[in-house]
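Below is one structure, written out as structure tokens, with a few remarks after it.
Residue numbers begin at 1 in each chain, while the letters A, B, ... track the order of the sequences.
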Number of protein chains: 2
Amino acid sequence: MDQVEIFKALSNKSRLQILNWLKEPETNFPDQAEYGYANGVCVGQIQMKTGLTQSTVSEYLSTLQRAGLVKSNRVGQWTYYQRNEEGFAILNEIIKSEI
Amino acid sequence: MDQVEIFKALSNKSRLQILNWLKEPETNFPDQAEYGYANGVCVGQIQMKTGLTQSTVSEYLSTLQRAGLVKSNRVGQWTYYQRNEEGFAILNEIIKSEI
DNA sequence: TTGGTATATCGGGAAAAGTCGATATATCTT
DNA sequence: AAGATATATCGACTTTTCCCGATATACCAA
């Protein structure tokens, strides 16, 4: 888990927004309700809310996942993303003791 | 204080290292001893330790200052830099509540 | 097996960041 | 006032990031 990679992932307004939205999926992605929130929120929902293209959002989610800040679950043709709180715990450790 | 700007400032190995070194100036910048540590560490000392050019280090320190992570004191021909712990407090707040 | 839908990957052009050497500015010393 | 030293800024070049459209892949449904 590279520190620089984590901070690079956080160096983008849209990616920060996605992470924040994923804190309260029920509030921020109501259209996801019919599929449930257990596995997270699917890419299409996130894409719509950002207003960016599908490819960009897919790329951004990969970036966040490589940094350890989200995790994904593939279910059928959907990929659900949710926050990875372990990643944030690591981030807190880094800031407390390594910076 | 822009969130993205803070994370961009942290998205660089050398800048992270500088911040970490400045946690213990006495240990990491012993040559600074004769001038004291009260105002921080001067650019030249930091430059030597990074191995980067003077202009790059000066630029990096400005970047960190714009992000609120260090503060500077000019004394004579020297500019001393030290950590700005308020900035780190803000960073912690951002991570806790805005991401 | 043929479409249809959701996501991922690829290729690219524009903008930003990384890093340098050269030069400017500020200050100190003599 | 002149030279020396410390730092900041400028101009340039290379690498990375941003973000897109097009295409590929995976899965589902008829």
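Between the CZ atom in Arg83(A) and the CZ atom in Phe88(A) there is a gap of 4.0 Å [rounded to 0.5 Å].
In this structure, CE of Met48(A) is placed 11 Å from P of dT7(C), rounded to the nearest angstrom. Taking atom CD of residue Gln45(A) and atom P of nucleotide dA6(C), one finds them 10 Å apart after rounding to whole Å. If you take CD of Glu59(B) and P of dG18(C), they are 9 Å apart, rounded to a whole angstrom. To the nearest angstrom, C1' of dT17(D) lies 14 Å from CD of Glu5(A). In this structure, Tyr35(B) places its OH atom 18 Å from P of dT27(C), rounding to the nearest Å. One atom, CG of Leu64(A), and another, C1' of dT17(D), lie 14 Å apart when rounded to the nearest Å. Taking atom CD of Gln65(B) as the reference point, atom C1' of dT7(D) lies 13 Å away to the nearest angstrom. Summarising the geometry, the separation between NZ on Lys8(B) and P on dT16(D) is reported as 16 Å, rounded to the nearest angstrom.
Side chains of Thr63(A) and Glu5(A) form no contact here, defined as non-hydrogen atoms less than 4.5 Å apart. Between Val70(A) and Ile18(A) there is no side-chain heavy-atom pair separated by less than 4.5 Å. By the 4.5 Å heavy-atom criterion applied to side chains, Asp31(A) and Met48(A) are counted as neighbours.
The side chain of Asn12(A) approaches dC19(D) more closely than any other nucleotide in the set dA6(D), dC19(D), dA6(C). Of the candidate nucleotides dC20(C), dA6(C), dA8(C), dA6(C) has the atom lying nearest to any side-chain atom of Trp78(A). Among dC18(D), dC19(D), dG18(C), the nucleotide with an atom closest to any side-chain atom of Arg15(B) is dG18(C). Distance from the side chain of Gln77(A) is smallest to dG4(C) among dT5(D), dC19(D), dG4(C). Of the candidate nucleotides dT17(D), dC27(D), dC18(D), dC27(D) has the atom nearest to the side chain of Arg74(A). Comparing dC18(D), dC20(D), dT7(D) against the side chain of Thr79(B) picks out dT7(D) as the nearest. In the set dA8(D), dG21(D), dC28(C), dG21(D) carries the atom at the smallest distance from any side-chain atom of Thr53(A). Side-chain proximity of Tyr81(A) to the nucleotides dA22(C), dA8(C), dA17(C) is greatest for dA8(C). Across dT7(D), dC19(D), dC28(D), the shortest atom-to-atom separation from the side chain of Thr56(A) is found for dC19(D).
Two residues, Ser14(A) and Val75(A), neighbour DNA chain D, and the one matched to the more 5' nucleotide by heavy-atom proximity is Ser14(A).
Heavy atoms of Tyr80(A) sit nowhere under 4.0 angstrom from any nucleic acid atom.
Side-chain contact annotation: Thr56(A) with Thr53(A), donor-acceptor N/O pair under 3.5 Å present.
Gln54(A) contributes no side-chain N or O that forms a donor-acceptor pair with the base of dA6(C) under 3.5 Å.
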